[in-house]
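Note sheet for the following structure.
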Amino acid sequence: MLKSDIVKNRVALITGASRGIGKAIAEALAKDGIDIAGVDINIDELRPAMKTIEDTVGRKTAAIQADVGDSASIERAVEESIRVFGNISILVNNAGITRDNLILRMKDKEWDDVLRINLTGTFNCTKVVIKSMVKNRYGRIISIASIVGAMGNIGQANYAASKAGIIGFTKSIAREYANRGITANGIAPGFIETDMTKGLPEDVRNTLINQIPMGRLGTPEDVANVVRFLASDEAAYITGQVIHVNGGMYM
């Protein structure tokens, strides 16, 4: 496939696309004329999310079940995406989990599960997708890190380590593949209105908001808008960067 065709007929593979930030990213990119390969372990939520995009935005979508922490599962998902769409020009590494606990109480499984999905998952997806990007000499890799990866957080040593790892990983990929027409950037959201934060006790939620100069939690759309920019031609000279979307909580 010619590079001009890839740029014209863009396809985004988005992990964790069934809800929250991932779903908002899928909707935002679809509105920019990009077809969407949604990947998630929860296929029952993913299918209606992708159908909604097709019905409301009119872009082609595919709902593909995969476990990002399993390299063979991701290889199958990428093969399916390329079979359906012909190429993948944008990768959004969004899938992530939390298993919060203080370090003295943290079980090995809580550590391993978070690193497996958040960090190893980002590695697995990038390694598989970048093969076709190198061949096509074009690609946009956007990985969702976190404010916690930059400043740490009590009870989230596992999550912070995984997100800090994504930042270092992103900068390394940017250096390795800049001369192949591929950019790699990260986005570090602050505290965003998602299912994770909706379950917080009111006093904890208020304490968080009081630490944010803008006085509110972010929205999934706040993050999705930055993804739209980084995936666009206007961001062609930006690579190896981490953009913080946190309302001023961390500067």
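Any value given below was found using the heavy atoms of this structure, including those in side chains, with hydrogens, waters and symmetry copies removed.
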For the side chain of [X] and the backbone of [Y], is there at least one donor-acceptor N/O pair under 3.5 Å apart?
X     : Y     : value
Glu54 : Thr61 : yes
Asp67 : Ser73 : no
Ser89 : Val11 : yes

(message) Quick test of your reading: applying salt bridge (Lys or Arg N to Asp or Glu O under 4.0 Å), list the pairs with at least one residue in residues 177-200, sequence neighbours left out, ordered by first then second residue.
(response)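 Counting only pairs at least two positions apart or across chains, the salt bridge (Lys or Arg N to Asp or Glu O under 4.0 Å) contacts touching residues 177-200 are Arg19-Asp195, Glu193-Arg205.
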(message) Tell me which pairs pass salt bridge (Lys or Arg N to Asp or Glu O under 4.0 Å) where either residue lies in residues 80-89, with sequence neighbours left out.
(response)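 Salt bridge (Lys or Arg N to Asp or Glu O under 4.0 Å) check on residues 80-89 returns Glu80-Arg83.
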(request) Inspect the contact between Asp113 and Lys107 and indicate whether a charged nitrogen and a carboxylate oxygen are less than 4.0 angstrom apart. (result)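 Looking at Lys107 and Asp113, the cut-off is not met.
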(request) Determine, for Arg105 against Asp100, whether the closest basic-nitrogen to carboxylate-oxygen distance falls under 4.0 angstrom. (result)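 No, Arg105 and Asp100 are not salt-bridged.
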For [X] and [Y], does a side-chain donor sit closer than 3.5 Å to a side-chain acceptor?
X      : Y      : value
Asn118 : Ser162 : yes
Asn185 : Thr170 : no
Asp222 : Thr219 : yes

(request) With rounding to the nearest 0.5 Å, note down the distance linking CD1 in Ile117 to CZ in Arg99. (result)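 It is 8.5 Å, given to the nearest 0.5 Å.
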(message) To the closest 0.5 Å, what do you measure between CD1 (Ile182) and OH (Tyr138)?
(response)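 Spacing of CD1 (Ile182) from OH (Tyr138) equals 10.5 Å.
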(request) Could you tell me whether Lys31 atom NZ has more than 12 heavy atoms of other residues or ligands within 6.0 Å of it? (result)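 Atom NZ in Lys31 is not packed in, count stays at 12 or less.
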[X] to [Y] - nearest heavy-atom pair and separation:
X     : Y      : answer
Ala66 : Val39  : CB-CG1, 3.6 Å
Glu75 : Val128 : CG-CG2, 3.7 Å
Asp40 : Leu46  : N-CD2, 3.7 Å

(request) Under the side chain to side chain donor-acceptor pair (under 3.5 Å) rule, what do Asn101 and Glu110 come out as? Steps first, then yes or no, please. (result) CA-CA 8 Å; Asn101 216 335; Glu110 292 172 331; 3.2 Å; yes
(request) Quick one: sort the Phe123 and Phe169 rings into parallel, tilted or perpendicular, breaks at 30° and 60°. (result)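 Phe123 vs Phe169 ring planes: perpendicular.
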(request) Could you check if a side-chain atom of Leu217 sits within less than 4.5 angstrom of a side-chain atom of Ile209, using non-hydrogen atoms only? (result)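 Yes, side chains in contact.
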